[in-house]
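Since the structure comes first, as structure tokens, the remarks are kept for the end.
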Amino acid sequence: MTQIRILPAAQRDIDFINAVYMENIEALHGAPRSRETWAGLLAQPDTVYYIVYTTEPVGWFRLDKEAEGLWLGMLQIRPDCQRRGVGRAVLARAERLAAQWNYRSLGIHTTKDNEPAQGLYTACGYALTEIGPCTTADGVERIGYTFCKNL
């Protein structure tokens with residue numbers, strides 16, 4: 001894969017963020033969001049969005065700064081760019097950011113049926129720390145998995 005660049009997202013990136021989100025909405029168990037909703041999400045003070053580039057934008061992710069640790073709140077890669085090392089690069093970058101921000105752990109939530117995500121997290125050294133019910137954005141209760149890595 002070509003070199004991966006990761007840059008902070010801005011309001012100008014909302015259309016791209018939404019497009020990739022909609023491409024992955026079934027796997028995410030998501031619900032459509034308006035432009036205004038995305039604008040509000042990008043403006044939250046303890047949340048940072050990043051755009052992932054190869055030769056063009058291929059995905060995005062969100063980091064949530066919480067007292068108990070840093071959380072990778074969402075990781076979205078265009079379906080045609082998945083399984084090419086982008087997710088691994090994002091996790092490595094998120095871990096470096098966590099260390100820079102003095103966090104001792106990075107956590108990630110997913111659902112039981114998202115086996116590709118589970119495989120990625122396990123391959124990158126994350127441990128499954130919790131299994132339990134969760135309600136996804138589409139309003140359905142599912143089984144959620146929490147993965148964490150001590151840094």
Using ring pair (Phe, Tyr, Trp, His ring centres under 6.0 Å) as the criterion, list what pairs up with W38, not counting sequence neighbours. Y21, W60
What pair of heavy atoms forms the shortest contact from G30 to A137, and how long is it? CA-CB, 3.9 Å
Short side-chain to backbone donor-acceptor contact, K149 and I108, under 3.5 Å: no
Residues at least two apart in sequence or cross-chain that pass salt bridge (Lys or Arg N to Asp or Glu O under 4.0 Å) with R35, listed by chain then number, are D15
Report yes if the side chains of R104 and N150 come closer than 4.5 Å at any heavy-atom pair, otherwise no. no
With a 4.5 Å limit on heavy-atom distance, are the side chains of T47 and L41 in contact? no
Holding to ring pair (Phe, Tyr, Trp, His ring centres under 6.0 Å), I want the full list of residues that pass it with H29, two or more places apart in sequence or in another chain. none
Can you tell me how far CG of L63 sits from CG of L75, rounded to the nearest 0.5 angstrom? 10.0 Å
Step by step, would you call T54 with Q3 a side chain to side chain contact (heavy atoms under 4.5 Å, CB included)? CA-CA 6 Å; T54 56; Q3 186 175 6; over 6 Å; no
Tell me every residue that passes side-chain hydrogen bond (donor to acceptor under 3.5 Å, both in side chains) with E130, counting only those two or more places apart in sequence or in another chain. none
Between the side chain of D13 and the main-chain N/O of A10, is any donor-acceptor distance below 3.5 Å? yes
Can a salt bridge be assigned to the pair E56 and R78 using a cut-off of 4.0 Å between side-chain N and carboxylate O? yes
Between I51 and V86, is there shared hydrophobic-cluster membership here, with clusters defined by ILVMFWY side-chain heavy atoms closer than 4.5 Å? no
Check the pair Y145, N114 against side chain to side chain contact (heavy atoms under 4.5 Å, CB included), reporting the backbone distance first and the verdict last. CA-CA 9 Å; Y145 284 15; N114 194 341; over 6 Å; no
Taking all atoms of both residues into account, what is the closest heavy-atom pair of E68 and E66, and its distance? OE2-OE1, 2.6 Å
Q11, CD: over 12 other non-hydrogen atoms inside 6.0 angstrom: yes
If I take atom CG from residue L151 and atom CG from residue N102, how far apart are they, to the nearest 0.5 angstrom? 11.0 Å
Is there a path of hydrophobic side-chain contacts, each under 4.5 Å between heavy atoms of I/L/V/M/F/W/Y residues, joining L7 to I14? yes
Between CZ on residue F61 and CE on residue M74, distance to nearest 0.5 Å: 13.5 Å
Under the side chain to side chain contact (heavy atoms under 4.5 Å, CB included) rule, what do V20 and M22 come out as? Steps first, then yes or no, please. CA-CA 5 Å; V20 176; M22 292 304 292; over 6 Å; no
Contacts of K65 meeting side-chain contact (heavy atoms from CB on, under 4.5 Å) (sequence neighbours excluded), chain-then-number -> D46, V48, L70, W101, Y103
Does a side chain donor of either T111 or R142 reach within less than 3.5 Å of an acceptor in the other side chain? no
Consider only side-chain heavy atoms of I, L, V, M, F, W and Y, link residues closer than 4.5 Å, and tell whether Y121 and I143 are in one cluster. yes
d(E95 CD, S105 OG) to nearest 0.5 Å is 11.0 Å
What pair of heavy atoms forms the shortest contact from G107 to C148, and how long is it? CA-SG, 4.0 Å
Whether the side chain of R93 engages the backbone of I6 through a donor-acceptor N/O pair (distance < 3.5 Å, no angle test) should be reported. yes
Which distance, rounded to the nearest 0.5 Å, do you find between the CG of L97 and the CG of L72? 10.5 Å
Here the gap from I25 atom CD1 to R33 atom CZ, rounded to the nearest 0.5 Å, amounts to 8.5 Å
Joint cluster assignment, V90 & L28, ILVMFWY side-chain distance < 4.5 Å: no
Check against side chain to side chain contact (heavy atoms under 4.5 Å, CB included), H109 and C134: CA-CA 10 Å; H109 299 289; C134 69; over 6 Å; no
Main-chain N/O of D80 paired with R84 side-chain donor or acceptor, under 3.5 Å: yes
Among T122, T129, L106, find the residue that satisfies the side-chain contact (heavy atoms from CB on, under 4.5 Å) test when tested with F147. T122
Distance-only side-chain donor-acceptor flag, N24 / Q82, under 3.5 Å: yes
Identify, with sequence neighbours excluded, every residue that meets side-chain contact (heavy atoms from CB on, under 4.5 Å) alongside E141. P133, T135
